[in-house]
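Here is the naming used below: chain letters follow the sequence lines, and residue numbers restart at 1 for every chain.
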There are 2 protein chains.
Amino acid sequence: MLDVRTLCLGVLHRGDSTGYEIKKMFEEGPFGHFLEASYGSIYPALTRLTEEGLLSFRDERQKGRPDKKVYTLTDRGRTRFKEALLGQPAEDKFRSEFLFFSLFAELLPPGHMARLIDRQLALIKDKARVIEDRQAHAKTDGARFVSGFGQALYHAAIEYLENNRTMLEQEDSVGQLQNAQ
Amino acid sequence: MLDVRTLCLGVLHRGDSTGYEIKKMFEEGPFGHFLEASYGSIYPALTRLTEEGLLSFRDERQKGRPDKKVYTLTDRGRTRFKEALLGQPAEDKFRSEFLFFSLFAELLPPGHMARLIDRQLALIKDKARVIEDRQAHAKTDGARFVSGFGQALYHAAIEYLENNRTMLEQEDSVGQLQNAQ
DNA sequence: GCTTCCATGTAATAGGTTACATGATTTG
DNA sequence: CAAATCATGTAACCTATTACATGGAAGC
C-alpha cells in the first residue's frame, strides 16, 4: 500500500533531505531494518513528487563534493502525507530464506548449517548494535518505540538461535567434532 | 536469490503436491509466515519445471471436485534442489508499514494509533495460534526449529506491544478516556 | 594505488502481483 | 441463498531492482 513516493513524503516530514540521505535512512537511519528503497526508485519518486507540487528543492553547492538537491515538503505535500496516514497499513511481511534452508538442514553437507547459523547470528547482532545506537539518539516517542521494538525482536531471535541451534546441527556430529579441534 | 521455482522444488521435496496445495503451504503450512508465493507465480513455475524435466505429474480425477495435477520431483529435480541449497540464503527481509505509522503516531487523529495497535496485536496473535498448531504436527527437527523460531518472535512482539503501547497512545489521552467508558 | 564515500540519474530487465475466467460443491 | 473451498490457468500491469554512467575527494 505504501509506495516509495509515500515513504519519501514521510522521510521529508521529519526534515529536509536529499535522495542520497533518504537512501541512508532506509539503511541505518530511523527507517532502517523495516523498510527498503533503492536509488533507482527514490530518485524518480522525488522527481515525480516535485512535478506534482508535493515537494520543492534547492540546489546546494559544496566544496569538494558533488552538488546536492535538498528537498522540502510543500504544504500540499504535508497534507497529502497526513491523508496517507489515515489509511490502514499493510500487513507486516517477513521473508526468510534462512528459515527455508533450516527446514532442509538434514540435506546439507556436514557443518554447513552450523556456518549458516553463525552467519545469521553475526548479521542479527550487527543489526542489533546499529539499532541500539539509534535508540540512544531517538528524539520522539515514535522513534523510541520503533527502535525498542526492533531490539526486542532481535534479542529474541539471538536467544532462540543460540539456545536451539543444536536441533539443526546434531545430524552432522562429524563436522562438529572436527571444528572442535 | 530463491525464486518461486526453487521454492516449489523445496515444497515437493517434502512430498508430492498440487499447485493449489503448494499455495496453502505458504499460507498456513510449514512455509507459512516467512515466505510467500501467489498462484500467478506458482502455476507457471510448475509448468516450466516440468518442461525442464525437474518435475513430472499425474492427473487425478475426483468426484465433485476439479481434477488435479499432482507433481513429483524427478531425480534431476532432487539433485537440482540440493545444489540450490549449497548457495547462501539471501538476508532476511522484514517490511512493516505498522512501524512506519508508529513513527508518525503524533500525526494521527486521537485513538487511531490505539486501533492500529489493537489490530496489530490481533493479527500477530492469530499467526501465533496457527504456528502453535503447526509445531504440534511438526515431523522433522527442521520443522520444529522453524516453528519454534516463529513462536519466539511472535511472543516477543506481543509482549513488547502490550508493555509499550502507552508510548504511542499518551498523546491522545482524550480518545483513551472515551474508550474507557 | 585501491577502495569507499559522496551524489544524481537512466534504462533494461525481470519478476511477481492482481485481476480475470470458469465452475461444481460444500458450508453457513 | 450467499460465500467460501477446491482447482487451474492466463494476461496485463506495475514496480522496483540491477547495472550502468560519471567523477572528485578522502581514507587505507
Side-chain angles (χ1 to χ4, degrees), chain A residues 1-9 11-12 16-29 31 34-51 55-72 84 90-91 93-95 97 100, chain B residues 1-9 11-12 16-29 31 34-52 55-72 84 90-91 93-95 97:
Chain A
M1 187 216 150
L2 295 178
D3 53 21
V4 175
R5 270 180 297 148
T6 311
L7 297 183
C8 287
L9 289 180
V11 172
L12 292 169
D16 294 357
S17 186
T18 68
Y20 188 81
E21 286 163 1
I22 289 174
K23 168 73 170 142
K24 297 293 150 202
M25 299 211 205
F26 287 116
E27 283 170 0
E28 305 193 332
F31 300 89
F34 66 91
L35 286 174
E36 267 188 298
S38 61
Y39 290 122
S41 60
I42 291 171
Y43 284 119
L46 293 173
T47 305
R48 208 175 130 185
L49 287 167
T50 305
E51 284 166 7
L55 300 182
S56 65
F57 69 90
R58 57 178 186 277
D59 282 304
E60 273 188 18
R61 254 165 269 171
Q62 308 180 110
K63 349 110 220 201
R65 296 248 158 264
D67 293 1
K68 49 175 165 176
K69 284 187 176 179
V70 181
Y71 287 90
T72 310
E91 268 195 55
K93 256 175 215 170
F94 175 58
R95 181 186 164 94
E97 298 193 354
F100 182 81
Chain B
M1 187 221 150
L2 294 178
D3 53 20
V4 175
R5 269 181 297 147
T6 311
L7 297 183
C8 287
L9 290 180
V11 172
L12 292 170
D16 293 358
S17 185
T18 69
Y20 189 81
E21 286 163 2
I22 289 173
K23 168 74 169 140
K24 296 294 149 199
M25 298 209 205
F26 288 116
E27 282 169 0
E28 306 193 329
F31 300 89
F34 66 91
L35 287 173
E36 267 189 296
S38 63
Y39 290 122
S41 60
I42 291 171
Y43 283 119
L46 294 174
T47 305
R48 207 175 132 186
L49 287 168
T50 305
E51 284 166 8
E52 292 171 355
L55 301 182
S56 65
F57 69 89
R58 56 178 188 278
D59 282 305
E60 274 190 16
R61 256 166 265 171
Q62 308 180 109
K63 350 107 219 204
R65 294 250 158 264
D67 292 2
K68 51 174 164 175
K69 284 187 176 180
V70 181
Y71 288 90
T72 311
E91 268 196 56
K93 257 177 215 169
F94 175 56
R95 179 184 166 94
E97 299 193 354

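Between B:Ser17 and B:Met25 there is a side-chain heavy-atom pair separated by less than 4.5 Å. Proximity of B:Leu35 to B:Leu7: side-chain heavy atoms (C-beta onward) are separated by under 4.5 Å at one or more points. Inter-residue side-chain proximity for B:Leu12 and B:Leu55 is flagged as met; some heavy-atom pair is nearer than 4.5 Å. At a threshold of 4.5 Å between non-hydrogen side-chain atoms, the residues B:Tyr71 and B:Thr50 count as touching.
We find that CZ of B:Phe57 is positioned 14 Å from C1' of D:dA7, with the value rounded to whole Å. The nearest whole Å value for the distance from the CD atom in A:Glu21 to the P atom in C:dG9 is 14 Å. Taking atom CZ of residue B:Arg95 and atom C1' of nucleotide D:dT15, one finds them 11 Å apart after rounding to whole Å. Taking atom CG of A:Leu7 as the reference point, atom P of D:dT17 lies 11 Å away to the nearest angstrom. Atom pair B:Arg61:CZ and C:dG23:P shows a separation of 19 Å (rounding to whole Å applied). The nearest whole Å value for the distance from the NZ atom in B:Lys23 to the P atom in D:dC6 is 13 Å. In this structure, CE of B:Met25 is placed 15 Å from C1' of D:dA7, rounded to the nearest angstrom. Atom pair B:Tyr43:OH and D:dA11:C1' shows a separation of 17 Å (rounding to whole Å applied).
When every heavy atom of A:Pro44 is checked against every heavy atom of A:Tyr39, the shortest pair comes out as CD-O, 3.8 Å.
A cation-pi arrangement, defined by a distance under 6.0 Å to the six-membered ring centre and an angle within 45 degrees of its axis, is present between B:Lys24 and B:Tyr20.
Counting only residues at least two apart or on different chains, the salt bridge (Lys or Arg N to Asp or Glu O under 4.0 Å) pairs with a member in residues 35-50 of chain A are A:Arg48-A:Glu52.
Side-chain N/O atoms of B:Gln62 include one lying less than 4.0 angstrom from OP1 or OP2 on D:dA7.
Among B:Arg58, B:Lys69, B:Lys68, the single residue meeting the salt bridge (charged side-chain N to carboxylate O under 4.0 Å, His left out) criterion with B:Asp16 is B:Arg58.
Picking from C:dG9, C:dC6, D:dG9 the nucleotide with the shortest atom distance to the side chain of A:Lys69 gives C:dG9. Of the listed nucleotides (D:dT8, C:dC5, D:dG9), D:dT8 has the atom at the smallest distance from the side chain of B:Tyr20.
Counting any heavy atom pair closer than 4.0 Å across all strands shown, B:Thr18 reaches sugar-phosphate atoms only and no base atom.
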Next on the checklist: So if I define the base as every atom that isn't primed, P, OP1 or OP2, how would nucleotides 21-28 of chain D read as a B/S/- string at a heavy-atom cutoff under 4.0 Å?
Outcome noted: --BBS---
Checklist entry - What is the per-nucleotide protein-contact pattern of nucleotides 12-21 of chain C, from the 5' end, where B denotes a base atom under 4.0 Å from a protein heavy atom, S denotes such proximity for sugar-phosphate atoms only, and - denotes neither? => result ----SBB---
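For the atom pair CD1 of B:Ile42 and CG of B:Leu49, the computed distance is 11.5 Å after rounding to the nearest 0.5 Å.
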